Every structure is written in structure tokens, then in C-alpha cells.
Amino acid sequence: QVQLVESGGGSVQAGGSLRLSCAASGYTYNTYNSYCMGWFRQAPGKEREGVAAIYTRGGRKYHADSVKGRFSISQDNAKNTLYLQMNSLKPEDTAMYYCAAAPSWTELWSSPDEYNYWGQGTQVTVSS
């Protein structure tokens with residue numbers, strides 16, 4: 001059973017930075033190397049939104065237009081850990097952030113329906 005545990009959330013002022021981490025476990029050897037790993041966020045009263053995704057084999061990356069140039073997804077395959085570096089944070093980035101995993105790359109990387117496994121979430125709050 002794949003387990004995902006996020007960390008690194010917190011409260012910052014606008015313009016600040018945070019780095020989220022997602023530790024993945026439960027993969028058999030090498031299977032992690034063909035997963036699509038994604039970061040999603042959900043603000044109160046809003047739908048869950050795809051923020052960024054990375055294909056663990058080869059490192060292909062995608063970022064939502066709303067975060068391009070400010071957020072960056074990365075991975076450390078040796079540690080089975082996913083990261084989301086968030087810079088120039090804005091109040092509208094305030095949300096619960098979730099890590100998710102799909103067993104293969106999907107062109108529909110921003111759709112929550114494509115992912116089989118989810119973490120419990122970590123809260124990010126940006127004040128103006």
C-alpha cells in the first residue's frame with residue numbers, strides 16, 4: 001500500500017517562500033520510478049486544483065499557469081521524496097496542499113481523478 005506524507009506547510013507573509021515535502025513509501029523497488037507524482041491544493045469552498053506534476057522516470061514536469069515562475073516541483077528518487085518549492089507566495093495561494101501518486105504518466109496530470117493515492121495534506125497560509 002502506497003503511503004504519502006506531506007510536510008513543510010505553515011504561515012508566511014506575501015512574498016515569502018515555503019518548501020513542501022512528500023515522503024512516499026510502500027513502493028516496490030523500481031515501481032516508484034514510473035509514477036506520476038503531483039501536487040494539488042484546495043481552498044475552502046473551491047475544487048481541488050492541480051498545481052504541478054512530475055514523471056519520476058525522466059523528470060518530465062508540468063506546472064499550472066497560476067504558479068509558473070513561482071513554484072517548482074522536484075524529486076529525489078533515492079529518497080522517494082517529492083518537493084514543491086514555493087516562492088513569491090500570494091494570499092491566493094492559501095490552501096491545503098496535497099501530494100498524490102498515479103501509477104503511470106498521465107496527460108491529464110491536473111485531474112484529481114487520475115491519481116490513486118493521496119497524502120493527508122499540509123496547510124499553507126499566506127497573509128497580505
Side-chain angles (χ1 to χ4, degrees):
Q1 180 70 16
V2 173
Q3 292 184 325
L4 304 172
V5 179
E6 303 96 334
S7 61
S11 297
V12 297
Q13 290 190 330
S17 298
L18 284 172
R19 189 176 81 155
L20 305 183
S21 299
C22 172
S25 61
Y27 296 89
T28 57
Y29 183 68
N30 270 342
T31 59
Y32 180 77
N33 293 329
S34 62
Y35 269 70
C36 176
M37 302 294 295
W39 285 103
F40 287 76
R41 66 186 181 187
Q42 188 166 22
K46 294 188 176 182
E47 293 186 352
R48 193 165 293 192
E49 172 191 18
V51 175
I54 188 167
Y55 186 40
T56 56
R57 178 179 294 173
R60 187 189 323 174
K61 304 177 184 180
Y62 288 88
H63 296 83
D65 288 344
S66 58
V67 304
K68 277 181 182 176
R70 300 189 300 121
F71 291 11
S72 180
I73 190 171
S74 62
Q75 62 181 355
D76 184 337
N77 280 1
K79 297 181 179 179
N80 283 3
T81 300
L82 181 72
Y83 302 100
L84 184 69
Q85 178 65 44
M86 305 186 297
N87 298 327
S88 301
L89 282 161
K90 303 175 181 180
E92 51 263 43
D93 295 319
T94 295
M96 184 72 78
Y97 282 72
Y98 298 91
C99 171
S104 62
W105 177 255
T106 171
E107 293 299 326
L108 301 176
W109 66 267
S110 62
S111 172
D113 295 339
E114 297 293 304
Y115 294 81
N116 302 74
Y117 306 103
W118 292 85
Q120 82 290 348
T122 185
Q123 178 68 38
V124 172
T125 302
V126 184
S127 58
S128 57

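Just so it is clear, the values below take in all heavy atoms, side chains as well, and ignore hydrogens, waters and symmetry mates. Note that the structure is a prediction, hence the values are computed from the model and not measured.
Rounded to the nearest 0.5 angstrom, Arg70 CZ and Ser88 OG are separated by 7.0 Å. Here Thr56 contributes atom OG1 and Asp76 contributes atom CG; the two are 12.5 Å apart, rounded to the nearest 0.5 Å. The distance from atom OG1 of Thr125 to atom CD of Gln13, rounded to the nearest 0.5 Å, is 13.0 Å. Atoms OG and CG, from Ser17 and Leu89 in turn, are 6.0 Å apart once rounded to the nearest 0.5 Å. With rounding to the nearest 0.5 Å, the separation of CG in Leu82 from CD in Gln75 is 7.5 Å. Here Ser7 contributes atom OG and Leu20 contributes atom CG; the two are 8.0 Å apart, rounded to the nearest 0.5 Å.
Across all non-hydrogen atoms, the minimal contact from Ala95 to Gln123 is O-NE2, 3.4 Å. Taking both residues in full, the closest heavy atoms of Thr94 and Val126 are given as OG1-N, 2.8 Å, listed atom of the first, atom of the second, then distance. Closest of all the heavy-atom pairs between Leu18 and Gly9 is CD1-C, 4.5 Å.
In this structure, the side chains of Pro112 and Phe40 come closer than 4.5 Å at one or more pairs of heavy atoms. Counting heavy atoms from C-beta on, the side chains of Arg19 and Leu84 never come closer than 4.5 Å. Two residues are said to be in side-chain contact when any heavy atoms from C-beta on lie closer than 4.5 Å; Tyr115 and Cys36 meet this criterion. A heavy-atom distance below 4.5 Å is found between the side chains of Met86 and Val124. In this structure, the side chains of Pro103 and Asn116 come closer than 4.5 Å at one or more pairs of heavy atoms. At a threshold of 4.5 Å between non-hydrogen side-chain atoms, the residues Val2 and Leu4 count as touching. Contact check for Trp105 versus Arg57: no side-chain heavy atoms found under the 4.5 Å cut-off.
For residues 64-97, there are no ring-ring contact (aromatic ring centres under 6.0 Å, His included) pairs, not counting sequence neighbours.
Take Arg60 and apply the side chain to side chain donor-acceptor pair (under 3.5 Å) test, not counting sequence neighbours, and it matches no residue. Residues passing the side-chain contact (heavy atoms from CB on, under 4.5 Å) test with Ser111 are Leu108, Asp113, Glu114, sequence neighbours excluded. Take Ser66 and apply the side-chain contact (heavy atoms from CB on, under 4.5 Å) test, not counting sequence neighbours, and it matches Arg41, Glu49, Ala64. Every side-chain contact (heavy atoms from CB on, under 4.5 Å) that Glu6 has, sequence neighbours left out, goes to Trp39, Tyr98, Cys99, Gln120, Thr122. With sequence neighbours excluded, no residue forms a side chain to side chain donor-acceptor pair (under 3.5 Å) with Glu92.
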Inset, instruction - Could you walk me through whether Trp118 and Arg48 pass side-chain contact (heavy atoms from CB on, under 4.5 Å), step by step? - result: CA-CA 12 Å; Trp118 292 85; Arg48 193 165 293 192; 3.3 Å; yes

Inset, instruction - Take Asp93 and Lys90, measure what salt bridge (Lys or Arg N to Asp or Glu O under 4.0 Å) needs, and give me the verdict at the end. - result: CA-CA 5 Å; Asp93 295 319; Lys90 303 175 181 180; over 6 Å; no

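The six-membered or imidazole ring of Trp109 lies away from that of Tyr55, with a centre-to-centre distance of 6.0 Å or more.
Between the His63 side chain and the Ile73 main chain, a donor and an acceptor come within less than 3.5 Å of each other.
More than 12 heavy atoms of other residues, nucleotides or ligands lie within 6.0 Å of NZ in Lys61, so this atom counts as buried by the packing criterion.
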